[in-house]
Amino acid sequence: MTSDSSSGPIDDPLFTSGHRIFKNKDLLKIGHVPEADRIVGRDEEISKLAKRLNGAVHGYSPENVMIYGKTGAGKSLVSRHLCQRAKNAAGDDVDIGTAYIDCAEDTTETQVVSSLAMKLNDEGVTDIAVPHTGLSTSKYYKLLWRILDMRFDSVIVILDEIDLMDEDSLLMKLSRAEEAGKITCSIGIIAISNKVQYIDQLNERVKSSFQHKELFFKPYDANQLREIMHNRTDAFQDDVLTDDVIPLAAAFAAQEHGDARKAIDILRHAGEVASESDADTVREAHVRQAQQHAEKDRFRELVSGSPTQAKTALLALTELSLNSAEDSFLTSQVYDQYERICAHVELDILSVRRFRDLLKEQAFLGIVEIEKINKGSAGGIHLQNRLIEDAHIVRETILEDTRMQEWSTE
DNA sequence: ATTCCACTGGAAAGCGCGGTAG
DNA sequence: CTACCGCGCTTTCCAGTGGAAT
C-alpha cells in the first residue's frame with residue numbers, strides 16, 4: 001500500500017487468475033438488488049406491496065406492512081426494490097426518503113433510531129450531526145423527527161428481521177409520531193419477519209397503534225431457483241459454468257426450504273473453489289465442495305466469534321462427550337468440568353446461573369441440544385445438554401483461541 | 001392426592017467501558 | 001472536568017416446576 005498510484009489494472013499473473021472465472025462477482029453479493037425484469041416469480045407480491053406504498057409517492061401516508069416468509073424468499077429484495085421504484089416514481093414536488101435497517105445488527109430501540117437518523121440525514125442540508133452513540137434514546141428520536149421534517153414529505157422504513165429486536169415500542173413510536181403532531185412527514189413501515197407468530201407476541205399497545213396489512217411470501221420452487229441463478233450467470237465469464245452446476249445448486253437450496261440466498265451463496269462459493277483450484281470451468285465437484293465449505297465456514301464463524309467464556313462452556317461439554325460413553329450431561333456435570341477448565345487456564349469462574357445461559361445460547365445457535373427432564377421425588381428438575389456437532393471438530397475449533405491453548409496439552 | 005427436591009428461569013440490579021454534552 | 005447515557009456481561013435472589021415416591 002505504499003507506492004503505485006498509477007491508474008488502471010496491471011497485468012500481474014498472480015492477481016489475474018480469478019478473472020478466468022468471474023466477470024462481475026458483485027452480482028452474487030448478498031445485498032445485490034437486481035433490475036425489475038430479473039426478479040423471479042414475485043410479481044404478485046410486488047404489486048401488492050406497491051399498492052400499500054402508493055401513498056408515499058403522492059406525498060401522503062403509506063400504509064404499514066408486515067411481511068412474513070422464510071429466509072431467502074425475496075422479502076428484503078422486493079422491499080428494497082420497491083423503495084427504489086417509489087423514489088423514482090415520485091414527482092419533483094414530493095420528497096421521499098427510504099431507509100433499510102437490519103435488526104440483526106441494530107438490536108435495540110436506540111440503535112435502530114440512531115441508524116435511522118444517520119441514514120436519513122444529510123448534514124449539508126440539515127446541519128445536524130448524528131453521533132453514533134452516547135445519547136439517550138429520546139434525544140435520538142428528537143434528532144430523527146427534526147431530520148425528517150427538514151428533508152422529507154414521506155419516508156419508507158424497512159425493518160428487516162424485526163423479530164430479532166428485543167424491544168417493540170419502536171413500532172409504536174414510529175407509527176404514532178405523525179398523529180401525535182411530532183412531525184408532519186409521513187412514515188410507512190415495512191416490517192419483515194421470518195416468524196409468523198411475531199405479531200402475536202407483541203404488546204397490545206403496540207399492536208393497536210401499528211395498523212398494518214400482512215403479506216406472505218411463499219418459498220421459491222426449484223424452477224424459480226434455477227431461473228434466479230440463470231439471471232446471474234453474467235457474474236461469470238462466458239461458458240465457464242458447466243450444465244450441471246445450476247441444477248445441482250438449485251437442488252441443494254431447494255432442500256433448505258427454497259432459500260434463494262443459499263442458492264446464490266453456493267454458486268459464488270463454487271466459483272471461488274474453481275478459481276482457487278485453477279480450473280477453467282466450474283463443475284459439479286466444485287459445487288459439492290462449496291456446499292461443504294459453506295457449512296464449515298458457518299460453524300467456524302459461529303464458534304470463533306463468540307467470547308471466551310462461551311467457548312469454555314462449550315469446551316466443557318465437548319470434553320465430557322469425548323471422554324465418556326454417554327452423550328448427554330446434566331448442567332451440574334458440565335459445570336464441574338467447566339470449573340476445572342477455568343482453573344487450568346486461569347479464567348474467572350462464572351456463576352451457575354450465567355453458565356446455564358451460555359449453554360442456552362449455544363442451543364439457540366444449533367450447536368447444543370437441551371432437554372428438560374424430571375427425576376421425581378428426590379430428584380427435581382434438570383437439563384440435559386448434548387453436543388450436536390462433531391466433538392473433535394468443535395474441540396479443534398475452540399482450541400484455535402489463544403486463551404484456550406493451555407488446555408490443549410491436557 | 002400429596003409431598004419432595006434440586007435445579008430452572010425470570011427479574012432486578014451492579015459494574016466497567018465507550019461514548020456525548022456542556 | 002462532571003454528569004449522563006446505552007449496553008454487554010455478570011451476580012444475586014427467589015418463586016416456580018413437575019414426575020416419582022410415598
Side-chain angles (χ1 to χ4, degrees), chain A residues 101-119 121 123 126-147 159 161-174 201-203 301-317 320 326 328-339 341-343 345-365 367-386 398 401 403-404:
Chain A
I101 302 284
D102 182 0
C103 300
E105 283 169 40
D106 299 333
T107 50
T108 67
E109 186 184 0
T110 317
Q111 282 167 356
V112 173
V113 180
S114 112
S115 286
L116 275 177
M118 219 176 307
K119 285 181 185 181
N121 190 26
E123 215 177 323
T126 57
D127 204 29
I128 296 175
V130 181
H132 61 280
T133 177
L135 299 191
S136 67
T137 311
S138 65
K139 284 195 175 160
Y140 275 114
Y141 271 115
K142 279 170 194 149
L143 284 181
L144 179 61
W145 301 152
R146 269 173 63 200
I147 291 168
L159 299 172
E161 305 207 57
I162 191 166
D163 43 314
L164 295 181
M165 210 176 51
D166 11 310
E167 286 130 292
D168 53 9
S169 55
L170 172 82
L171 278 179
M172 186 172 69
K173 296 216 179 106
L174 284 184
Q201 68 202 29
L202 282 183
N203 187 314
E301 219 163 283
L302 238 46
V303 174
S304 64
S306 43
T308 312
Q309 286 289 359
K311 285 181 190 167
T312 316
L314 193 54
L315 183 59
L317 180 58
L320 286 178
E326 309 288 321
S328 68
F329 306 88
L330 302 181
T331 307
S332 52
Q333 293 176 283
V334 189
Y335 188 70
D336 288 347
Q337 177 69 30
Y338 160 80
E339 283 185 307
I341 298 177
C342 282
V345 301
E346 286 166 345
L347 194 67
D348 290 345
I349 297 174
L350 300 182
S351 65
V352 198
R353 183 65 188 84
R354 176 65 185 142
F355 183 76
R356 271 204 302 273
D357 279 346
L358 289 178
L359 282 179
K360 209 174 164 189
E361 279 168 33
Q362 300 302 312
F364 186 74
L365 295 174
I367 303 175
V368 170
E369 191 178 66
I370 299 180
E371 194 192 350
K372 204 173 190 173
I373 57 161
N374 192 325
K375 294 192 172 182
S377 185
I381 288 178
H382 304 254
L383 294 182
Q384 273 194 328
N385 307 272
R386 191 173 68 81
I398 295 176
D401 188 319
R403 297 227 38 188
M404 295 286 115

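Here is how names work: the chains are called A, B, and so on, in the same order as the sequence lines, proteins then strands, and each is numbered from 1.
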> Once the angle between the rings of A:Phe355 and A:Tyr338 is folded into 0 to 90°, is it parallel (under 30°), tilted (30 to 60°) or perpendicular (over 60°)?
Replying inline: tilted
> Base, sugar-phosphate, or nothing: which does A:Lys139 touch, judged by heavy atoms less than 4.0 Å apart?
Replying inline: nothing
> Whole Å only: how far is the CD atom of A:Gln111 from the P atom of C:dC5?
Replying inline: 17 Å
> If you take all heavy atoms of A:Tyr141 and A:Glu109, which pair is closest and at what distance?
Replying inline: OH-OE2, 2.7 Å
> Within the structure, does a side-chain N or O atom of A:Ser377 lie under 4.0 Å from either OP1 or OP2 of C:dG19?
Replying inline: no
> Within the structure shown, what part of the strands sits under 4.0 Å from A:Leu135 by heavy-atom distance: base, sugar-phosphate, or nothing?
Replying inline: sugar-phosphate
> Do you know which two heavy atoms are closest between A:Asn385 and A:Leu317, and how far apart they sit?
Replying inline: O-CD1, 3.7 Å
>> Judged by each residue's nearest nucleotide on DNA chain B, which is more toward the 5′ side, A:Thr133 or A:Asp357?
In response: A:Asp357
>> For A:Ile147, is there any backbone N or O sitting under 3.5 Å from a side-chain donor or acceptor partner on A:Asn121?
In response: no
> What parts of residues 349-356 of chain A reach DNA chain C, counting only heavy atoms under 4.0 Å away?
Replying inline: A:Ile349, A:Leu350, A:Ser351, A:Arg353, A:Arg354
> Taking all atoms of both residues into account, what is the closest heavy-atom pair of A:Tyr140 and A:His132, and its distance?
Replying inline: OH-C, 3.4 Å
>> Please report the distance, rounded to the nearest Å, between CG in A:Leu359 and C1' in C:dT10.
In response: 16 Å
> Atom CG of A:Asn374 to atom P of C:dG16: distance rounded to whole Å?
Replying inline: 17 Å
> Is the closest side-chain heavy-atom distance between A:Leu383 and A:Leu359 below 4.5 Å?
Replying inline: no
>> Under the criterion side chain to side chain contact (heavy atoms under 4.5 Å, CB included), I'd like the reasoning laid out for A:Arg386 against A:Glu371: C-alpha separation, chi angles, the key distance, then a yes or no.
In response: CA-CA 8 Å; A:Arg386 191 173 68 81; A:Glu371 194 192 350; over 6 Å; no
> Between which nucleotides of DNA chain B, read 5' to 3', does contact with chain A run, using atoms under 4.0 Å from its heavy atoms?
Replying inline: B:dC4 to B:dA21
> So what does A:Ile373 touch, heavy atoms closer than 4.0 Å: a base, only the sugar-phosphate, or nothing?
Replying inline: nothing
>> For a quick test of reading the model, state the closest non-hydrogen atom pair linking A:Cys342 to A:Thr312 and the distance between them.
In response: SG-CG2, 4.2 Å
> C:dG6 P sits how many Å from A:Glu109 CD, rounded?
Replying inline: 10 Å
> Any donor and acceptor pair, going by atom type alone, linking the side chain of A:Asp166 with main-chain N or O of A:Thr108 inside 3.5 Å?
Replying inline: no
